[in-house]
Novice: 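So that we are looking at the same thing, I have put the structure below in structure tokens.
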There are 4 protein chains.
Amino acid sequence: MAKPTGIAKAELLTAAKQCLVHNGIEKFTLKAVAEQAGVTQGTIYYHFKTKEQILLEIIQSICEDSWSELSVASKEFIQIALQSAKSRYENNVFYHKLYFTLIVIGFNNPSIKQQIADILKSENESLFKALTKLWEKSPIEGVSLESWSIFFNALMDGLALQVMVLEDFPIDQFYEELEKIVITLYQLGK
Amino acid sequence: MAKPTGIAKAELLTAAKQCLVHNGIEKFTLKAVAEQAGVTQGTIYYHFKTKEQILLEIIQSICEDSWSELSVASKEFIQIALQSAKSRYENNVFYHKLYFTLIVIGFNNPSIKQQIADILKSENESLFKALTKLWEKSPIEGVSLESWSIFFNALMDGLALQVMVLEDFPIDQFYEELEKIVITLYQLGK
Amino acid sequence: MAKPTGIAKAELLTAAKQCLVHNGIEKFTLKAVAEQAGVTQGTIYYHFKTKEQILLEIIQSICEDSWSELSVASKEFIQIALQSAKSRYENNVFYHKLYFTLIVIGFNNPSIKQQIADILKSENESLFKALTKLWEKSPIEGVSLESWSIFFNALMDGLALQVMVLEDFPIDQFYEELEKIVITLYQLGK
Amino acid sequence: MAKPTGIAKAELLTAAKQCLVHNGIEKFTLKAVAEQAGVTQGTIYYHFKTKEQILLEIIQSICEDSWSELSVASKEFIQIALQSAKSRYENNVFYHKLYFTLIVIGFNNPSIKQQIADILKSENESLFKALTKLWEKSPIEGVSLESWSIFFNALMDGLALQVMVLEDFPIDQFYEELEKIVITLYQLGK
DNA sequence: CATGAATGAGACTTCATTCAT
DNA sequence: AATGAATGAAGTCTCATTCAT
């Protein structure tokens, strides 16, 4: 006895994400979500109390995705990067557009901001664990592994941004170069 | 040819920026801009053809700011970073909120996206020039100075993001650590 | 023929009355009624054909209450007044809010208006019977006992109105004074 | 230079009152008001912040009417009654429907309730002044003139109610009888 | 230059009602 | 007998835009 409600809601959320990414915040309308999901606007309100609630549940679902994605990533750091590159940058401009859109919405929406903050922190922590396994200790004195993980996370986000804005951004090349940097730093630390 | 209108227009643009940052995209209303500027909505239409035109002119003004800011920055790279830190992160969360907001708007607005792309490119170039002066050559073989500049620019943006989302982000500490990294890499390259 | 449904229906009606009084006409929603009754909206439609049907049945139930209440009241007039005061004004602001609400709904709803009219008339008649027993004849020539009964009924309603609107209305005091008036008038008529 | 705005707003209020009376609370929609006034719904929102604001301003205008109406009425009490009868009951079922509708809305709306309370109190006071001139002292010991004025006000409202609900209510006849009562009571007091 | 008034399209939201289960 | 899901019409409200003054 599968829960039809749960499925329906998940489908609505998926439709909402697609709308948010394809139409942009300004055109993120409930009518558009309804059409995308193939239901009426009333149906949306049967499942979500308000429009903001949809945004919140979108983030929550991202949050869960993010957690699972990153918790798996306790192998080698470079693999994380490449894996991220593949799963998030190359294929998933979608994911990052959604992510940045929600960040910007969060600027003026405390609840959403909080959730984004949680995601960021958990990403930083995941990267920290990965770095610990990879490097054991920081290659540069005075720069903690925590800081390195924050830097790498920031770098990922910053690169994602350039990918999204610059049409012909050669992300693959940059990941190869990043790999070299990580390796060189590792050897520096020994 | 005195330009009294130009002045008024600049004030409207300032008001518009404040609205965009303080109200967020969703509540970026011409009524709000008018109130912020202390004029009526009609007045705005005397100066701007449409709402989108305001956004475009906002971005153009940022563009000019960005150029001037970065063209000055042809001294030492670390100083750039610290200067950026001071002028943009610490004091200017405002600037970065505006910047990221426009990026996200750009996701679904080609004209704005183009301008954002131009800004990004010119920032990359400015950083490249600065790095050239600072490092002369790349500290790691196989990683071009162009790539380093892109990495640093991405890092800046990514850190800015964390500053804006995480309330208690110790940005100062990170800049000190970044300085150490830059210096270490420099010595590595000699 | 047990009527389990009948009981359920009565409960729904009670819930509906509470909603109508506590939420007001404007928020008199089937969803609210359903929640109040602890059932789903669908259940309401099992028992009532439409929303208006609920209102009609509410009024019918009041009608029955009213009749029984007043038919008992064939003793002394003053006792009626005091009894009314106790059962309707002091404790039963609820009853009067419901009553006035339905009157106002009746302004634009012929079926309801008709029922309200019936209630009013039967109240007038009951008061007339009571007055007949109490006074035998009118204390003032040219003013029929029918008129007196209408006046007293109007007075009751008007006082109820003031009770409901004025927070600190000393209804008890007024009933004592009313009693004096009734007695004085009675002696006047002898 | 007449104020066109003021006039426009007054016209909107008039239209709103007509809607409220002719359509009833349940159908008191902004669309209806707009159509009645011959403007678009947007226009209404240019003049009134919300729908509730319209109701509040309706009451305020009634309040002003009521004050002026009653302050004039410092002549003879019976004339007040007749005058009221003429201006309010016979011709102005409209006025009373509006009045009772607002009272019922006030049951669940504190701001409106407060204004209704103010109106009631000022009516009571006006009647008290009129009674003082007419009777000088109370015809029945133990019943203050204040109480008499409240009773007469309640009586007026209660009769108005019967007029509105009972199609063939002979209000004229009742006013004549009321006049006899007032006169008889007056002589009783001498 | 600037404004106040007005507009109409479209946003979010509510709600009576229906229906398969 | 009851329910949960869905609907679509309609309601309140917002907003970019226009225009006479």
Side-chain angles (χ1 to χ4, degrees), chain A residues 1 3-9 12 26-34 37-54, chain B residues 4-5 7-9 12 26-34 37-55, chain C residues 4-9 12 26-34 37-54, chain D residues 1 3-9 12 26-34 37-54:
Chain A
M1 264 195 290
K3 257 200 203 165
T5 309
I7 291 170
K9 213 174 174 183
L12 290 184
E26 291 160 293
K27 301 279 174 193
F28 177 60
T29 117
L30 293 183
K31 190 176 168 239
V33 175
V39 297
T40 60
Q41 291 185 52
T43 303
I44 295 184
Y45 276 89
Y46 182 78
H47 291 282
F48 302 93
K49 222 168 146 47
T50 85
K51 187 187 179 185
E52 196 194 349
Q53 189 60 32
I54 299 180
Chain B
T5 312
I7 292 170
K9 211 174 176 182
L12 290 184
E26 291 160 294
K27 299 279 173 193
F28 177 59
T29 294
L30 292 191
K31 192 180 167 225
V33 174
V39 297
T40 57
Q41 293 182 56
T43 304
I44 294 185
Y45 275 85
Y46 184 81
H47 291 282
F48 302 93
K49 211 167 156 49
T50 72
K51 188 187 180 185
E52 200 196 346
Q53 188 60 33
I54 298 181
L55 287 174
Chain C
T5 312
I7 292 169
K9 210 173 177 181
L12 290 184
E26 292 160 294
K27 299 279 172 193
F28 177 58
T29 294
L30 292 191
K31 192 180 167 224
V33 175
V39 298
T40 58
Q41 293 184 56
T43 304
I44 294 185
Y45 274 86
Y46 183 81
H47 291 282
F48 301 94
K49 212 168 155 50
T50 72
K51 187 186 179 185
E52 199 194 346
Q53 188 59 32
I54 298 180
Chain D
M1 266 196 287
K3 257 202 203 165
T5 308
I7 292 170
K9 212 174 175 183
L12 290 183
E26 290 161 296
K27 302 279 175 194
F28 177 59
T29 110
L30 294 184
K31 189 174 169 241
V33 175
V39 297
T40 60
Q41 292 185 51
T43 302
I44 295 184
Y45 277 91
Y46 182 78
H47 291 282
F48 302 93
K49 221 169 147 47
T50 88
K51 187 186 179 185
E52 196 194 348
Q53 189 60 33
I54 299 179

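Fair warning: this is a prediction, and the values are worked out from it, not measured in the lab. Here is how names work: the chains are called A, B, and so on, in the same order as the sequence lines, proteins then strands, and each is numbered from 1.
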Novice: Looking at CD1 of B:I54 and NZ of B:K9, how far apart are the two atoms once the value is rounded to the nearest 0.5 Å?
Specialist: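 So the CD1 of B:I54 and the NZ of B:K9 are separated by 10.0 Å.
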
Novice: Looking at D:H47, does any N or O in its side chain come under 4.0 Å of the phosphate oxygens OP1/OP2 on E:dG4?
Specialist: no

Novice: Give C:F28 one of three labels, base, sugar-phosphate or nothing, depending on what nucleic acid heavy atoms sit under 4.0 Å from its own.
Specialist: sugar-phosphate

Novice: Nearest-nucleotide wise, let me know which of B:Q41 and C:T43 is further upstream toward the 5' end of DNA chain F.
Specialist: C:T43

Novice: Just N and O in the side chain of A:T29: are any of them under 4.0 Å from OP1 or OP2 of E:dG10?
Specialist: no

Novice: Can you check the C:K9 NZ to F:dA2 P distance for me, whole Å?
Specialist: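 Those two atoms, NZ and P, are 12 Å apart.
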
Novice: If you compare every side-chain N and O of B:Y46 against the phosphate oxygens of E:dA2 (OP1, OP2), does one of them come in below 4.0 Å?
Specialist: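 False: B:Y46 side-chain N/O out of range (4.0 Å or more) of E:dA2 OP1/OP2.
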
Novice: Please check the phosphate of E:dT7 (OP1 and OP2 only) for any side-chain N or O of D:T40 closer than 4.0 Å.
Specialist: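 It does, given that an N or O in the side chain of D:T40 lies less than 4.0 Å from OP1 or OP2 of E:dT7.
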
Novice: How many angstroms lie between OG1 in A:T29 and NZ in A:K51, if you round to the nearest 0.5 Å?
Specialist: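 So the OG1 of A:T29 and the NZ of A:K51 are separated by 7.0 Å.
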
Novice: Mind calculating the distance between CD (B:E26) and P (E:dA11) to the nearest angstrom?
Specialist: 14 Å

Novice: Let me know, please, whether A:G42 or D:V39 comes out on the 5' side of the other along DNA chain E by nearest nucleotide.
Specialist: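 Result: D:V39.
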
Novice: Quick check on F:dT14: is either OP1 or OP2 less than 4.0 Å from any side-chain nitrogen or oxygen of D:Y45?
Specialist: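 So the side chain of D:Y45 is outside the cut-off, no N or O lying under 4.0 Å from OP1 or OP2 of F:dT14.
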
Novice: Can you tell me how far OH of B:Y45 sits from NZ of B:K49, rounded to the nearest 0.5 angstrom?
Specialist: 10.5 Å

Novice: 5'-most contact on DNA chain F: D:K49 or D:K31, nearest heavy atom basis?
Specialist: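 The answer here is D:K31.
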
Novice: Just N and O in the side chain of C:K51: are any of them under 4.0 Å from OP1 or OP2 of E:dA16?
Specialist: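 It does, given that an N or O in the side chain of C:K51 lies less than 4.0 Å from OP1 or OP2 of E:dA16.
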
Novice: Between A:K27 and C:K27, which is nearer to the 5' end of DNA chain E once each is assigned its nearest nucleotide?
Specialist: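 Per heavy-atom nearest nucleotide, the more 5' residue is A:K27.
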
